[in-house]
Trainee: 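This is the structure I have questions about; it appears just below.
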Amino acid sequence: MQDFTFRRPASLADAVEALRSIPGGKLLAGGQSLIPVMKLDLAAPATLVPVAGLGELRGIRLEGSELVIGAGMTHREVGESAEVAGAIPALAALAGAIGDPQVRNRGTLGGSVAHNDPAADYPAALLALDATVVTDRREVSAADFLGSMFETALADDEVITAVRFRVPEAAAYAKFPNPASKYAIVGVMVARSPGGVRVAVTGAAPGAFRHEGMERALAADFSASSLDGVPVDAEELLSDPQASAEYRAHLVGVMARRAVEACG
Amino acid sequence: MSSLTLNVNGRSVTADVPDRTLLVECIREALGLTGTHVGCDTSQCGACVVLVDGRSVKSCSMFAWEADGAEVTTIEGLASDGSLHPMQQAFKEHHGLQCGFCTPGMVLSAVDLATHHADASESEVREWLEGNLCRCTGYQNIVKAVLVGAEAMEAGA
């Protein structure tokens, strides 16, 4: 690993100032993706600005029809939160099945969203739950925030402070995990709200996406069987040694059906 | 260089280590506590698991500096007054190990589970051990030991 120095911020504003003023500075959240990447020298920041402990990034609260989760909350905290379990149980279950317990004790919501790993679980939840990413300077819809593989709308000196999830009537997440890493080979979150049905897929493509054909079918008839015959195009999906694009396309259908059934 | 302060196994210690030092490197090399093992060094195997403020973490995937001011418990900190910790005792009695390399991480991971979910079921124990790999035992006796150890911790609490 390349040498670097820590620059401990006293506050969110201080963290932003540090990222703005230090060339080669990078934000460190829980480090469960960044540290392994640094060990491989795929990232070599000159300065790390650790933000997970900042008070401005903590907390979970219900605000009207939205559940607001601080970016510094760990996956374990989200998974075990009574507020999350009460408002969006599917989100608590999703967080509680990321990686393994030790990863969940360090990894954070903000870190996962900023990293935007194509096989991460949270991006599916952000799209399905019509989430808004809150940063130190603006609010961005999940659809505008999440780009393709490892890309987001986040500026180099911008810090995610929270994510606002719209509370649905019912939601469920079904994941076909890589048995070793627990990353999603395919994960599908289905959420039903008065405004409609959302079906968001992670793991299958270079970035999480919504499946509009399934959403239309479920809006007309919210049942697993209504997905019969809805095509999933393998053209844009990933092919790797774990799973071919055709197999992933098949899994999208299976996971979507399971999620619909789990919505009850 | 920075001088960080950790409360390790109930004792306050300072270490002068470069910022890039991993927590496991600090524990093993600066503090000489070699009961914490490095298996894969890629956050897969869990041999390096320690408790930081009571939560199990992979000490190969955390910088020492991130634990500045924290309570760190390593396998050396579990026994007290010459008596094994109930989880260690359970691993011994139920032969929850063969070569022993993964054991410190297994035990500390199990202590985290038992502390926060004393009544975990067998399937919950198996799920919890997702991040701890053992290449000898086939896990049967480890799971048995964790269930007994959790009960003993609860009884002794």
Side-chain angles (χ1 to χ4, degrees), chain A residues 1-9 25-54 72-77 79-80 93 96-108 111 175 177-183, chain B residues 1-4 17-25 38-70 105-106 108-117 120 124-133 146:
Chain A
M1 190 185 298
Q2 303 290 311
D3 217 352
F4 67 88
T5 53
F6 269 113
R7 161 71 165 80
R8 238 190 298 203
K26 189 160 178 62
L27 181 157
L28 173 68
Q32 298 305 286
S33 294
L34 181 55
I35 294 174
V37 162
M38 287 174 66
K39 286 184 180 182
L40 296 170
D41 284 342
L42 293 173
T47 301
L48 281 184
V49 182
V51 297
L54 292 176
M73 302 306 285
T74 65
H75 307 322
R76 181 170 183 176
E77 288 169 328
E80 294 184 350
I98 294 172
D100 60 47
Q102 290 72 43
V103 167
R104 296 196 289 273
N105 275 336
R106 295 293 303 164
T108 67
K175 168 161 79 162
N178 176 311
S181 70
K182 298 298 169 186
Y183 271 112
Chain B
M1 297 283 279
S2 57
S3 180
L4 55 91
V17 293
D19 286 0
R20 70 171 185 180
T21 306
L22 297 168
L23 180 58
V24 70
E25 295 170 335
V38 180
C40 65
D41 196 25
T42 56
S43 73
Q44 311 290 319
C45 80
C48 67
V49 167
V50 300
L51 303 183
V52 175
D53 290 332
R55 303 285 185 174
S56 55
V57 303
K58 291 181 175 171
S59 61
C60 79
S61 296
M62 178 174 178
F63 293 112
W65 199 92
E66 292 181 276
D68 191 25
M106 285 284 179
L108 286 159
S109 185
V111 168
D112 181 3
L113 174 67
T115 303
H116 298 97
H117 305 280
E124 286 169 329
V125 168
R126 287 184 183 276
E127 263 178 50
W128 184 267
L129 294 178
E130 168 64 34
N132 293 89
L133 302 183
V146 173

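Computation of the quantities below employed the complete heavy-atom set of this structure, encompassing side-chain atoms and omitting hydrogens, waters and symmetry-equivalent molecules. So you know, we letter chains A, B, ... as the sequences are listed, proteins then strands, and number each from 1. Just so it is clear, the model here is predicted, and its values are computed rather than measured.
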Trainee: Can you tell me if A:N178 uses its side chain to pair, donor with acceptor, with the backbone of A:Y183 under 3.5 Å?
Mentor: no

Trainee: Where does A:P179 contact chain B at under 4.5 Å (heavy atoms): side chain, backbone, both or neither?
Mentor: backbone

Trainee: For chain B, which candidate among A:L40, A:V103, A:L34, A:L28 shows the most heavy-atom pairs at distances under 4.5 Å?
Mentor: A:L28

Trainee: Using non-hydrogen atoms only, which part of B:V57 is less than 4.5 Å away from chain A: side chain, backbone, both, or neither?
Mentor: both

Trainee: Is it the case that the side chain of B:D19 and the backbone of B:W65 share a donor-acceptor pair, with hydrogens and angles ignored and the cut-off at 3.5 Å?
Mentor: no

Trainee: When you measure from the side chain of B:N132 to the backbone of B:G46, do you find a donor-acceptor pair of N or O atoms at a distance under 3.5 Å?
Mentor: yes

Trainee: Look at A:R106, A:K182, A:R76 and state which one has the largest set of heavy-atom pairs under 4.5 Å with chain B.
Mentor: A:R76

Trainee: With sequence neighbours left out, what residues match A:K26 under salt bridge (charged side-chain N to carboxylate O under 4.0 Å, His left out)?
Mentor: none

Trainee: B:C60 and B:S43: which non-hydrogen atoms are nearest, and at how many Å?
Mentor: SG-N, 3.6 Å

Trainee: Which of the residues A:R104, A:Q102, A:E80 is involved in the greatest number of heavy-atom pairs with chain B at under 4.5 angstrom?
Mentor: A:Q102

Trainee: Which bit of B:L113 is near chain A, if near means a heavy-atom gap under 4.5 Å: side chain, backbone, both or neither?
Mentor: neither

Trainee: Chain A: which of B:V52, B:D112, B:L22 shares the most heavy-atom pairs with it under 4.5 Å?
Mentor: B:D112

Trainee: Pick one of side chain, backbone, both or neither for A:A180, based on which atoms fall under 4.5 Å of a heavy atom in chain B.
Mentor: backbone

Trainee: Run the side-chain contact (heavy atoms from CB on, under 4.5 Å) check on A:L48 and B:F63 step by step: do they pass?
Mentor: CA-CA 11 Å; A:L48 281 184; B:F63 293 112; 3.7 Å; yes

Trainee: If you count heavy-atom pairs within less than 4.5 Å of chain B, which of A:M1, A:Q2, A:R8, A:M38 leads?
Mentor: A:R8

Trainee: Mind checking what makes salt bridge (charged side-chain N to carboxylate O under 4.0 Å, His left out) contact with B:D41, not counting sequence neighbours?
Mentor: A:K39

